Structure formats: C-alpha cells, structure tokens
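All remarks here apply to the structure that follows.
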Protein chains: 2
Amino acid sequence: MRRMTARPANAHQAKLLKLLRDGGPNSRAQLGDEIDLSRSKLAVEVDRLLETGLVVADGLAASRGGRRSHNVRLNPGLRFLGVDIGATSVDVAVTNAELEILGHLNQPMDVREGPVAVFEQVLSMAAKLRASGLTEGFDGAGIGVPGPVRFPEGVPVAPPIMPGWDGFPVREALSQELGCPVMVDNDVNLMAMGEQHAGVARSVGDFLCVKIGTGIGCGIVAGGDVHRGVTGSAGDIGHIQAVPDGRPCACGNRGCLEAHFSGAALARDAVEAAQQGLSEELASRLAANGTLTAVDVAAAAAAGDATALDLIREGGNHVGQVIAGLVSFFNPGLVVIGGGVTGLGHNLLAAIRTQVYRQSLPLATGNLPIVLGELGPTAGVIGAARLISDHLFSPA
Amino acid sequence: MRRMTARPANAHQAKLLKLLRDGGPNSRAQLGDEIDLSRSKLAVEVDRLLETGLVVADGLAASRGGRRSHNVRLNPGLRFLGVDIGATSVDVAVTNAELEILGHLNQPMDVREGPVAVFEQVLSMAAKLRASGLTEGFDGAGIGVPGPVRFPEGVPVAPPIMPGWDGFPVREALSQELGCPVMVDNDVNLMAMGEQHAGVARSVGDFLCVKIGTGIGCGIVAGGDVHRGVTGSAGDIGHIQAVPDGRPCACGNRGCLEAHFSGAALARDAVEAAQQGLSEELASRLAANGTLTAVDVAAAAAAGDATALDLIREGGNHVGQVIAGLVSFFNPGLVVIGGGVTGLGHNLLAAIRTQVYRQSLPLATGNLPIVLGELGPTAGVIGAARLISDHLFSPA
DNA sequence: CAACTTTCTCCACTCTCAGGACAAAGGCGA
DNA sequence: TCGCCTTTGTCCTGAGAGTGGAGAAAGTTG
C-alpha cells in the first residue's frame, strides 16, 4: 500500500480527524454536533477529507428517527509506529489511526549501547511487525527516549543515562530509515500522553504522570498540552533532594529522590536487606536468582514479608513527599503513578497518598485522585503514536 | 468622560490593541509589519477601531523615506484601576491604556479585617485618585488578593491568611461599586504578569516568579500564560517541606518553607538572635523600635553584621533548595525573586543561586538567570491592570 | 524639478461560511 | 399500505473576510 502523505488543509479538517481518532462519533450528522460549523460547510470539509484518502466512507449509521446518516472513519490502512526506548528494554508497537495497538513487541536492551545498536534493534523489531502482515509500511512514527529532548528538532540533549545519544539526530535518522515523518519526545511525556489518550487521564487537562522505573520522571500536562520546559528537561524530578545529606547519587549530589527510591534503588536496598538477614523471603529469592528486582520485592510483600513492605513504604514516603511539593506547586487535577514499579501496587500508592494528603494544601488535595496508570507498558507506545498523529493531524 | 464599553470585534482587532498597549509601533504601516494581514484589511480593522473610540488618530509619523504614516494610539482617556491587596498593606494605582502608572497609593492595612473593611479602604483610595483629577471613572479594574482564587468567578476560595474572604464575591462586588468590568487573581500571579509586561520577564514565555513577603508564593507562567491550577492554588509553595521535622508551621505541619523563611519568619529569627545577644546591631535596632522587620535585617547586613548575614544566607538556602526542585521540575527560562524581602538584595540572591546551581540539573540551569524583580511594589498593580486589559482587549 | 520611496485608498476577485429551501430516506401510527 | 413526522444530505444564494494590484498621495534626495 502506498503510504498516506496528505495532511489536513485547515483547522476544521484537523479537528475532524482528531474527533474520529479519539473515538468520537463517526456519522456525519453527529460530527456536526461536535464541531462549530454549518452542515453545508461540514459536508464540504468531509468530502475533501474523503478525496485525500485520510478518511473513507463506512456504511450507514443506525437511524435516529429519520434518514440514516452516512458513516465515515479514518482510513483503516493507516499505520503508526510507536517506539518506547527505556533504560533496559524497548517497546515497539503498530497502531491504526485510532491508536489501537495491532501488534506489540518488547525486548530487553541496554540504552547505553548507543543509538546505532539500539536503532538496529528497533528497526528489526519494526520489520518483524511488518512481516507479520500488519502493514507494509508506516505513515508516521513516534519515539520516546529516556532523557531530555530538544523537541522541535527531535534530538536528545545531555541525557544523563544515555550519554552516547547526546546530539544524535534521532528524528532525522529514523525518518530516513522508515521513510515517514517522525516525532521524538521524552519517554515520560509519552506515557502521560498515552494515559491522557486512552488511560486514566482521559478528559483531564492538568495532571502529573510520575513514572518510576530505572529512574524517576514526571510528565506534566498543563491545559491539555505537555509542558516540556525551555530545554526539554521539565519533569526531571529524579534529582530533587528527598533526604538532606542522604545517599550519594550518581549525579554528584546526596539524597536525590532517585538514590532513595527507583527500580534500581529498591533492588539495591532489597539485596542489602537480604544479606543482613532481615528477610528470609528476600534472601531465598536472592539465593535462587543471584539478584533481586522490584518484582521480587513486590512478590515478597504480597507474601506478607514485613521487610519488603517496609522498603516499599519507605520508598513511597520519599516519592510521596516530593510529589506533595509538586502538588502544592502545580495544583493538578490528577496524579498518575506508572512505570516499572507499578507492580508494587497499592502498598506503594498508600504510602504516596498518605504523604501527599498530609503535606499538601487541603485545597489542592481536596478532590485529587492519585491512581496507578491504566495502560502499563503500552502507555508509552500509545503516547508515541499519539504524538505523531497529533503532528500529522495538524495543518501542514 | 463617558466610559468605554466597546470591545474588539475579532481576533485581529484584539491583536492590534495589544500591540498598541505593549509599546509596539503605533504607525499604521508598522502595525502592518507585525500582524499577518494585508494592508487593505488592516486599514479596515483600524478604521473600525477608530469608530469604536478605543483607538484615536495621533498625528503623522516621521518619514521612513517616503510618505509619512498616520499614527494611531489607544484612547488616552482610558483608565484602568490596579489593586494589590497584600497581607499587611494595599496598593492602588491608576494606569492609562498602555498600563503606565499615572497615580499610585499605598496604605497599611490588615487583610484579616475582612472584605467589607478592606473594600471600604480600597474604594476610598480609588476615590482619592479620582479626585486628584486623573480620571472621572474607570474602564476596568484588576485586583489581586493574597490567596487562591476561583478565577472564572473571581472569588477567593479557602484562603489561609484571609479566612473571612472565603467565598466573598470580590469580582461582583467591586464591579458593582466601580461600575466597570473587574477581574480577580492571586497577588503572586499578578506580580508575575507585571514583571512579564514591564519588568525583567519581558518576552520570556516560561518563568517562575517567587514572591517572598509575609508569606511565600510562586507565579507560574507557562507558554506565556499564567498557570493557575485546577482549584486556583497553583504556586502555593509556602508549605512545601523545606526542613524535615523543622519548625512548626501555622498549617499544622513542621518544616514548611514559610516557617523557615519569609518576612515574618525572618523578623522572628532576628528578634531571637538579638535577644540571645548574637548581634549588637540587631539588638540596638530592637531596643530602638521595639520590633524588627526584614528591613532591619537588610540594614544590619548592609552594615556588615555577621548574624544578619547568616540569617539571610540560611533563609536563602532554604528558599533556594525549594526553588532548585521547582527548576528541575518546571525547567523555566527565568526565575524572578520579588516581594517584600527584595530589600535583602544580592545576599539573598547569592544564597538562592548557590543552591539552585548546585542542586538542579546542569541542563536546566545552564542558561537560567535568577534575578530580582525590576518593578518592586508596582509589579502587582501593573499586573492587575494587565489582567483586566487582557480581558477587555479580547473579543467579547 | 525629476526620479524614487513609502503610504494610503479603492476596487475587483476569490474564498469561507451560514442558513434556508428542498429532496431523500427512514420511522410510526392509523 | 398510506400519510405524516423526523432526520439527514445537497444545493443555492448572499454576506463577509481577505488578497493583491493599480494608482493616487505625500515625502525624500540629488
């Protein structure tokens, strides 16, 4: 199939495309109810979208008491590629224009191997998805990387955990390889966009999305849009001081949040606890696997291990304290917790909630849900697809 | 003079009004250079603005090598009232449409006396300004209050330091009394808008404006717009924990930033130091006045008093640590320090800078100016005038 | 005073868009 | 099955929005 190259010609068309993408109505009549246009003008714009091929006719809608409406839908052949590069693994997924996942692959990987090696892997995963018959090509791709990005150019800048990527032209390189438009963003921002599109943050305009994995980051959505900051490093909360004169951190300071709680810190603390004989449960798991991860701690806690629970609680307190400050500052309508440690579940959530509800202003917390992300590992790739579709569904 | 009731009829007119307000060009030709319109269309819109009376002809511009252009300007009779209600004093100013201050009054006052008493004072100050011949009435008024505001309705909600104001219909009441449109906002947001309009933050789209007075607050500007949060309490950083298990705070928690550094906390610490005999300078001032304020500490520091310097430094460290976290989180392009304690000047600034530059990410601080506000006590009233003019210079 | 530049006005033309008239298509009760 | 209703889609007219060119008006410069 030849790839789509058309873009909406004006704001009306862009809005129609986004309505269709976001699961709104798909009959011409109901589209008219949601857009501020006369029926005649709407018909003209829909016809033009049909001409471009971005939208196709889709039979007749059920009657609402009179003549049946003609349905339209986004071209079912459109395919977006969503890539979520984490510190230790990579997710690649294919979606249709409604951003539904048609195929999804996950592979372990070390981002420090550098952009060339990682790109090779991403491209081979994309090729595998293509080979499975989902599509012959992509109309656009979104990609998230675990570090700050100069957004307009799609280039990582000074990323602490992926030094080899500094200045690498991710957008340009991937666009060249795939032959389609590409947008690049921080992985945390994409997770936020994913939860906003299809997860717990649907229809929330101001929220924070805290991703706790190997590191800790925070996606900031203000007024419906992602806030990236002037150098693309907004949301980098891993190195906020959580404990004065606390543990030394890789960044050179002491007491950083990330040094006290993150996937890596939790694993380290669990190993220490096991070695000190504080927990038989953890010790036996350590003996069995030679190492421990957040998953082991979660399992131990679920089995009732007090030490594991303490580790989770203590970590949750630290995260919660930092989040409490951010809540006072930003006054969000929702806080989403996601990332690798969501397996810690409600023990973690309870600790975070306790801190936030105790420390932040009542006015800011009065009606503030603090919840786990709904999409798990698919949030990133859905957010990536959303990123590129937002781009392509805007006037050129 | 009859007050203006006209509003711009469309976005073009709104943009023209804002260009004229913000000190842009005022010749028709140069307006054309800054707006995306053909000359013919521009002429039509300018003529319509002339008809409404919002804009008046203003002679001829100097030649740029050919025919001289016709100047226009905002109606010189337009008058905005800017009101900045602080915890312990109130500022009232009259501006023209370009937001230049024509008259300014400041009076001590206790906001806890409640809205009725404060309103009476504000109205009498406004009357005094009117009586001085500056204007016979107002085309609009902006008012800032030291607490969270439900912005669309212009109503304070759950304000900690002004309990009697909760739910008081500030906007409606003032509008009734003055007979003109009124907008209400948090005083810190107005300070940010003031510095954005006429101060150090000109042409900066993302910045933080930290106001340290009786309390501590932070104006957040993201993408050129003030971020107010879902309940209007965004920027309320006074109760972020700065010192674990630190001093008890009025809010019930311990170690809040405000409990460790603010105008009130600094005065309290200075009195303590004087009583403990740590500083002759402070002790003699205490003996002379019976009390101490931030001004005394600033003077003592300027005179070389080590204890006063220590107090400033320690306070600056606390504020700086919190700001460091906010900088990592928000990644602003500028941090402005303002409020009553700006008298502490560069000693305070140095402490804050040290903390921020040491603790925040290099990428976020690399090109980050941290500066004192430029407008001092006029920032609030200018911001208030800006608020109402933004409102009135938008299509109805 | 001629040649050039800049600014302003006027006009013709295109495009957007709303809203009404009307046709097409379906539901529903008698 | 036949009217009568509702809903949907199409066509047409007319009001504005907006562009761009022609040319007049007003200045500068040599």
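Worth knowing before you read on, the calculation uses all heavy atoms, side chains too, and leaves out hydrogens, waters and symmetry mates. This one's a predicted model, so the numbers in the text were calculated from it and none came from an experiment. Per chain, numbering begins at 1; letters A, B, ... match sequence-line order.
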Integer-rounded Å distance: [N] [atom2] and [X] [atom1]:
X: A/L37; N: C/dG19; atom1: CG; atom2: C1'; value: 13 Å
X: B/L31; N: C/dC8; atom1: CG; atom2: C1'; value: 14 Å
X: B/L42; N: C/dC8; atom1: CG; atom2: C1'; value: 11 Å

- request: Could you check whether A/S63 gets within reach of a base, just the sugar-phosphate, or nothing at all, counting any heavy atom under 4.0 Å?
  value: sugar-phosphate
message: Which is more 5' along DNA chain D, the nucleotide nearest B/R48 or the one nearest B/L60? Just name the residue.
response: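 Result of the comparison: B/R48.
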Distance-only donor-acceptor check, side chains A/S389 and A/R21, under 3.5 Å: yes
field: Contact pattern, 5' to 3', of nucleotides 2-11 of chain D - B, S or - by protein heavy atom under 4.0 Å
entry: ----BBBBBB
- prompt: Should A/R386 and A/E195 be marked as a salt bridge (charged side-chain N to carboxylate O under 4.0 Å, His left out) after you check the CA-CA gap, both sets of side-chain angles, and the distance that decides it?
  reply: CA-CA 10 Å; A/R386 161 93 185 208; A/E195 292 288 349; over 6 Å; no
- request: Using the salt bridge (charged side-chain N to carboxylate O under 4.0 Å, His left out) rule, take A/D33 and A/R39 through it: C-alpha gap first, then chi angles, then the decisive distance, then the call.
  value: CA-CA 9 Å; A/D33 298 341; A/R39 274 187 320 199; over 6 Å; no
message: Looking at B/H12, I'd like to know whether one of its side-chain N or O atoms comes within less than 4.0 Å of OP1 or OP2 on D/dA17.
response: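 For D/dA17, neither OP1 nor OP2 has a side-chain N or O of B/H12 closer than 4.0 Å.
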message: Just to verify, which of A/K15, A/E45, A/R48 counts as forming a side chain to side chain donor-acceptor pair (under 3.5 Å) with A/N10?
response: A/E45
field: Lys NZ or Arg CZ of B/R228 over B/F151 ring: under 6.0 Å, within 45°
entry: yes
- prompt: Is any side-chain N of the basic residue among B/R28 and B/D47 closer than 4.0 Å to the acidic one's carboxylate O?
  reply: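 Yes, B/R28 and B/D47 are salt-bridged.
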